[in-house]
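Working notes for the structure below.
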Protein chains: 2
Amino acid sequence: MNYTIAQAAKKMNLTIYTLRYYDREGLLTNVKRDKSGNRIFTKDDMEMLSLICCLKNTGMPIKKIKQFTDWQNEGNQTLHPRNDMLENHKEDILTQIEDLKKHLRLIDRKLDYYHDACQAYDTNSPIPTCCEYTDDEF
Amino acid sequence: MNYTIAQAAKKMNLTIYTLRYYDREGLLTNVKRDKSGNRIFTKDDMEMLSLICCLKNTGMPIKKIKQFTDWQNEGNQTLHPRNDMLENHKEDILTQIEDLKKHLRLIDRKLDYYHDACQAYDTNSPIPTCCEYTDDEF
DNA sequence: ATACAGCTTACACTTAGCTCTAGGTCAAGG
DNA sequence: CCTTGACCTAGAGCTAAGTGTAAGCTGTAT
């Protein structure tokens with residue numbers, strides 16, 4: 001199951017430009033070429049791309065992803081650092097989720113206010129003053 | 001409870017540069033000055049900053065935050081669009097959380113593999129081949 | 001045979017969001 | 001009086017992550 005760059009881009013929801021950029025940056029290893037020099041994305045490349053997208057979409061910078069790729073190329077003696085990087089990144093994602101939830105609480109409180117305020121506005125009643133924060137929120 | 005720019009920056013975990021940048025960009029409205037021209041951040045400014053940070057940290061671009069500020073300055077006739085923006089942003093955050101959780105599942109599967117692989121490596125056993133993806137994962 | 005689609009490279013450009021620098025003002029302390 | 005520290009503005013510079021362009025090659029279809 002091989003893909004041209006356009007097919008790979010479509011499947012991964014990336015642009016052709018981005019795929020070439022990732023290749024240039026060394027996030028993919030040793031991408032094969034057909035006899036006229038066009039890239040061939042194999043199943044392995046696609047699996048690596050899945051991981052790259054996963055890491056990128058969870059906030060890992062390209063340079064760090066490249067580190068992972070480099071380690072992968074170095075073989076089994078880098079299994080531990082790769083494992084550690086993923087462990088740390090997992091913790092990072094869990095923190096991101098918690099942070100988002102925390103921010104959500106402020107948005108929800110704002111929305112409570114806007115709900116009341118909109119209602120008041122629509123009925124020509126006096127608009128309530130904006131919700132206040134407790135000191136520990138900033 | 002007023003703050004100098006340095007105090008405000010500290011409290012908000014931003015740099016002075018960033019605060020001036022936000023002011024320049026119009027994310028804050030009408031920041032007061034003392035008699036020698038130095039910014040004074042009031043409680044209201046700090047509350048707005050809290051919201052700005054919340055929106056920014058949940059992925060809202062600066063330009064969109066400015067739109068919100070602009071609407072706020074226009075008064076009550078923009079209560080509805082402001083409400084809608086926050087509603088939409090809330091949905092966006094919920095989607096982000098779901099996406100992170102989905103990505104977490106791939107990381108977890110990778111970690112399962114790395115666990116086994118590290119164990120095998122440490123005991124000089126044959127390293128298992130990397131976990132495979134089902135087709136619908138990319 | 002020629003036009004076209006799809007690929008190639010090298011390299012310049014863009015955008016967001018800061019971040020820093022230079023040069024200057026101002027108030028307080030020695 | 002002079003220095004120090006905290007602030008000011010205008011504007012340049014930086015980083016990350018692409019995005020786009022120009023010029024050129026290749027394989028297929030008319």
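Quick note on labels: first sequence line is chain A, next is B, and so on, each numbered from 1.
Of the listed nucleotides (D:dG27, D:dG11, C:dA27), D:dG27 has the atom at the smallest distance from the side chain of A:K35. Considering only the side chain of B:I62, C:dG17 comes nearest among C:dC11, C:dG17, C:dC7. Comparing D:dA17, C:dC18, D:dC8 against the side chain of B:Y21 picks out C:dC18 as the nearest. When distances are taken from the side chain of B:N38 to each of D:dC7, D:dG27, D:dT19, the shortest belongs to D:dC7. Closest contact between the side chain of A:K63 and the listed nucleotides D:dT19, D:dA16, D:dG27 involves D:dA16.
Among the atoms of the strands shown, only primed sugar atoms or phosphate atoms (P, OP1, OP2) are found under 4.0 Å from some heavy atom of A:R33.
Atom CZ in A:R24 sits about 11 Å away from atom P in D:dG18, given to the nearest Å. Between the CD1 atom of B:I16 and the P atom of C:dG17 there is a distance of 21 Å, rounded to whole Å. Look at NZ on A:K32: it is 15 Å from P on C:dT8, rounded to the nearest Å. Rounded to a whole Å, the CG atom of B:N2 is 14 Å from the P atom of D:dC7. As rounded to whole Å, 18 Å separates atom P of D:dA6 from atom CD1 of B:I40. Computed from coordinates, the B:L27 CG to C:dA16 C1' distance equals 13 Å when rounded to whole Å. The nearest whole Å value for the distance from the CZ atom in B:R39 to the P atom in C:dT25 is 17 Å. When the C1' atom of D:dC8 is taken as reference, atom CD1 of B:I5 falls 9 Å away, rounded to whole Å.
With rounding to the nearest 0.5 Å, the separation of CH2 in B:W71 from CE in B:M85 is 4.5 Å. Atom CG of B:D116 sits about 7.0 Å away from atom CG of B:D112, to the nearest 0.5 Å. Annotation: the span from A:L100 atom CG to A:L104 atom CG amounts to 8.0 Å, rounded to 0.5 Å.
Ranked by how close their nearest DNA chain C nucleotide is to the 5' end, B:M60 and A:A6 are led by A:A6. Nearest-nucleotide positions on DNA chain C for A:S36 and B:T15 put A:S36 closer to the 5' end.
In summary, the side chains of B:T42 and B:N2 do not present any donor paired with an acceptor at a separation below 3.5 Å, with no hydrogens or angles considered.
Of the side-chain N and O atoms in A:T4, one or more sit less than 4.0 angstrom from OP1 or OP2 of C:dC7. Side-chain nitrogen and oxygen atoms of B:T18 include none within less than 4.0 Å of the OP1 or OP2 phosphate oxygen of C:dC18. Dashed line: the shortest gap from a side-chain N or O of B:R20 to OP1 or OP2 of C:dG17 is not under 4.0 Å. Look at A:Y17 and you won't find any side-chain N or O under 4.0 angstrom from OP1 or OP2 of D:dT21.
Summarising the geometry of A:C54 relative to B:H103, their closest heavy-atom pair is SG-O, 3.6 Å, with the distance given to 0.1 Å.
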